[in-house]
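What follows is a set of notes on a single structure, which appears directly below.
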Amino acid sequence: MGSFFIDLLSFEHEVAVYEKDPKRMRFTYNCQRFTSLDKIKDFKPGLVINAVTLKYTIQAFKEVMPVLPADCIISDISSVKTNLKEFYEQCGHPYVSTHPMFGPTFANLQQLSEENAIIISEGDYMGRIFFKELYRQLDLNIYEYTFEEHDRTVAYSLSIPFVSTFVFAAVMKHQDAPGTTFKRHMRIAKGVLNEDDYLLQEILFNPYTSGQVAQIRTELKELLEIIDNKDAEGMKAYLAKIRNNVKRDIEIRGEGA
């Protein structure tokens with residue numbers, strides 16, 4: 001995602017990338033490449049986008065902040081905002097926090113009209129305006145949440161599909177002639193499991209995740225009872241319930257569009 005933002009911003013803004021390992025900058029273009037903090041100090045950025053692995057987000061901020069101008073806006077694009085609010089409130093810099101809810105694993109980065117982005121409503125006004133305009137240029141659907149609302153949303157929108165994928169991967173067996181549905185689930189599993197381990201951990205350790213996963217357990221118990229009892233009427237009612245859930249989600253998305 002760091003490379004994505006470099007490419008996106010470099011046509012209208014002066015952009016530099018800071019990376020300790022020069023090899024990781026081999027495929028970055030239209031930008032200055034820094035491997036020392038002194039270069040950042042000379043560059044005098046107006047905005048810093050922190051795109052490091054989630055585990056090191058706050059550490060990376062602390063490393064570069066001594067060489068940033070006092071009015072430089074610092075920002076993150078983290079999927080999980082745990083501890084970031086407290087950090088920002090005492091950091092001494094204006095800040096903006098956003099979450100592009102897509103990535104190179106599944107999204108078509110050239111066609112993002114069906115993808116979403118969250119902008120945290122707390123933070124610097126001009127920083128929020130900057131990202132709002134940027135995301136509008138990408139035709140993203142933009143939502144504004146507080147830090148708490150964001151983490152509640154992520155607990156639902158990421159933890160449930162992630163845990164469902166984990167369960168599929170845990171019980172799956174090799175198929176010589178897999179069906180279409182199996183192959184689709186397998187592609188999803190491979191994509192999710194290619195994510196950084198710490199990112200997956202932080203999403204699942206989100207304080208709001210446990211309640212969402214408990215709902216999966218409740219639904220599995222109900223479904224297992226229907227299967228064990230060969231309850232045809234119960235299965236019919238269960239399928240009607242979940243079809244209605246999917247239908248309602250589609251209708252809500254249609255209204256939102």
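Worth knowing before you read on, the calculation uses all heavy atoms, side chains too, and leaves out hydrogens, waters and symmetry mates.
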Exercise. Tyr135 and Leu112: side-chain contact (heavy atoms from CB on, under 4.5 Å), yes or no, with the steps?
Worked result: CA-CA 10 Å; Tyr135 291 154; Leu112 296 172; over 6 Å; no
For this session: Begin with the C-alpha distance, continue with both residues' side-chain angles, and end with the deciding distance and a verdict on side-chain contact (heavy atoms from CB on, under 4.5 Å) for Phe147 and Ser121.
Result: CA-CA 8 Å; Phe147 280 106; Ser121 56; over 6 Å; no
Exercise. Does the salt bridge (charged side-chain N to carboxylate O under 4.0 Å, His left out) test come out yes or no for Glu133 and Arg136, once each step is laid out?
Worked result: CA-CA 5 Å; Glu133 290 303 314; Arg136 279 177 176 162; 3.1 Å; yes
Exercise. How far apart are the C-alpha atoms of Met186 and Gln175, what are their side-chain angles, what is the distance that settles it, and do they pass the side-chain contact (heavy atoms from CB on, under 4.5 Å) test?
Worked result: CA-CA 11 Å; Met186 178 59 79; Gln175 300 290 312; over 6 Å; no
Exercise. Taking it one step at a time, do Glu222 and Leu224 satisfy side-chain contact (heavy atoms from CB on, under 4.5 Å)?
Worked result: CA-CA 6 Å; Glu222 179 181 350; Leu224 187 58; over 6 Å; no
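Within 6.0 Å of atom CG in Asp21, more than 12 heavy atoms from other residues, nucleotides or ligands are found, so the atom counts as buried in its surroundings. Within a 6.0 Å radius of CD in Glu86, more than 12 heavy atoms belonging to other residues, nucleotides or ligands are found. Other residues, nucleotides and ligands contribute at most 12 non-hydrogen atoms within 6.0 Å of the CE atom of Met126. Crowding of Tyr156 atom OH: a count of heavy atoms from other residues, nucleotides or ligands under 6.0 Å not exceeding 12. In this structure, Lys241 places its NZ atom where more than 12 heavy-atom neighbours from other residues, nucleotides or ligands lie under 6.0 Å away.
A heavy-atom distance below 4.5 Å is found between the side chains of Lys85 and Glu122. Side-chain contact check for His99 versus Val154: some heavy-atom pair is nearer than 4.5 Å. Residues Phe131 and Arg128 are not in side-chain contact: their nearest non-hydrogen atoms beyond the backbone lie 4.5 Å or more apart. Taking the side chain as every heavy atom from C-beta outward, Met25 and Thr35 approach each other to under 4.5 Å. By the 4.5 Å heavy-atom criterion applied to side chains, Leu84 and Ser78 are counted as neighbours. Within the 4.5 Å cutoff, side-chain heavy atoms of Phe5 are placed close to those of Pro100. With contacts defined as side-chain heavy-atom distances shorter than 4.5 Å, the pair Val17/Gln32 does not qualify. No side-chain heavy atom of Ile120 sits under 4.5 Å from any side-chain heavy atom of Thr146.
Atom-to-atom distance recorded for Asp71:CG and Leu68:CG is 10.0 Å, nearest 0.5 angstrom. The SG atom of Cys72 sits 12.5 Å away from atom NZ of Lys44, with the distance rounded to the nearest 0.5 Å. Rounding to the nearest 0.5 Å gives a distance of 9.0 Å between CD of Glu195 and CG of Leu158. One finds the CD1 atom of Ile203 at 4.5 Å from the CZ atom of Phe162 (value rounded to the nearest 0.5 Å). Note that the CD atom of Glu202 and the CG atom of Leu200 stand 10.5 Å from one another [nearest 0.5 Å]. Taken to the nearest 0.5 Å, the OG atom of Ser3 stands 10.0 Å off from the OH atom of Tyr29.
Checking Tyr238 against Glu219 by side-chain atom types alone, a donor-acceptor pair falls below 3.5 Å. Between the side chains of Tyr88 and Asp76, at least one donor N or O sits under 3.5 Å from an acceptor N or O.
Among all heavy-atom pairs drawn from Asn141 and Ser113, the shortest one is ND2-O, 3.2 Å. For the residue pair Phe166 and Val192, the shortest heavy atom distance occurs at CE2-CG1, 4.0 Å. Scanning both residues, Phe11 and Asn30, for their nearest heavy atoms gives CZ-ND2, 3.8 Å. Here the closest non-hydrogen pair linking Met235 and Ile226 is N-CG2, 3.6 Å. Between Ile216 and Ser164, the shortest heavy-atom distance links the atoms CD1-OG, 4.1 Å. The two residues Asp151 and Thr82 make their nearest non-hydrogen contact at OD2-N, 3.9 Å.
Under 4.0 Å is where a charged nitrogen must lie from a carboxylate oxygen, and between Glu19 and Arg33 no such pair does. A salt bridge between Lys81 and Glu148 is absent, with no side-chain N of the basic residue lying under 4.0 Å from a carboxylate O of the acidic one.
Side-chain N or O atoms of Ser97 include none that pairs as donor or acceptor with a backbone N or O of Ile119 at under 3.5 Å. The closest donor-acceptor contact from the side chain of Arg184 to the backbone of Thr181 lies at 3.5 Å or more, if one exists at all. Checked by atom type and distance alone, the side chain of Thr209 never pairs as donor or acceptor with a backbone atom of Phe205 at under 3.5 Å. A distance-only check finds no donor-acceptor pair linking the side chain of Asn244 to the backbone of Ala240 [under 3.5 Å].
Under the 4.5 Å side-chain contact rule for hydrophobic residues, Leu220 and Val163 share a cluster. Residues Met1 and Leu8 share a single hydrophobic cluster, defined by chaining ILVMFWY side chains whose heavy atoms lie under 4.5 Å apart. Cluster membership for Ile129 and Ile142, using ILVMFWY side-chain heavy atoms within less than 4.5 angstrom, is not shared. Taken together through direct or relayed side-chain contacts under 4.5 Å among Ile, Leu, Val, Met, Phe, Trp and Tyr, Leu193 and Ile188 form part of one hydrophobic cluster. There is a path of hydrophobic side-chain contacts, each under 4.5 Å, that joins Ile227 to Leu239.
Ring orientation note: the planes of Tyr145 and Tyr143 are close to parallel, at an angle under 30° on the 30°/60° scale.
Residues satisfying the ring pair (Phe, Tyr, Trp, His ring centres under 6.0 Å) criterion with His93, sequence neighbours excluded, are absent altogether.
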Distance-only donor-acceptor hits, side chain of residues 45-67, under 3.5 Å, sequence neighbours excluded:
{"from": "Asn50", "atom 1": "OD1", "to": "Val52", "atom 2": "N", "distance (Å)": "3.3"}
{"from": "Asn50", "atom 1": "ND2", "to": "Thr57", "atom 2": "O", "distance (Å)": "2.8"}
{"from": "Thr57", "atom 1": "OG1", "to": "Leu54", "atom 2": "O", "distance (Å)": "3.2"}
{"from": "Glu63", "atom 1": "OE1", "to": "Lys20", "atom 2": "NZ", "distance (Å)": "3.2"}
{"from": "Glu63", "atom 1": "OE2", "to": "Tyr18", "atom 2": "OH", "distance (Å)": "3.0"}
{"from": "Glu63", "atom 1": "OE2", "to": "Lys20", "atom 2": "NZ", "distance (Å)": "3.3"}

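Between Phe130 and His13, the gap from one ring centroid to the other is short of 6.0 Å.
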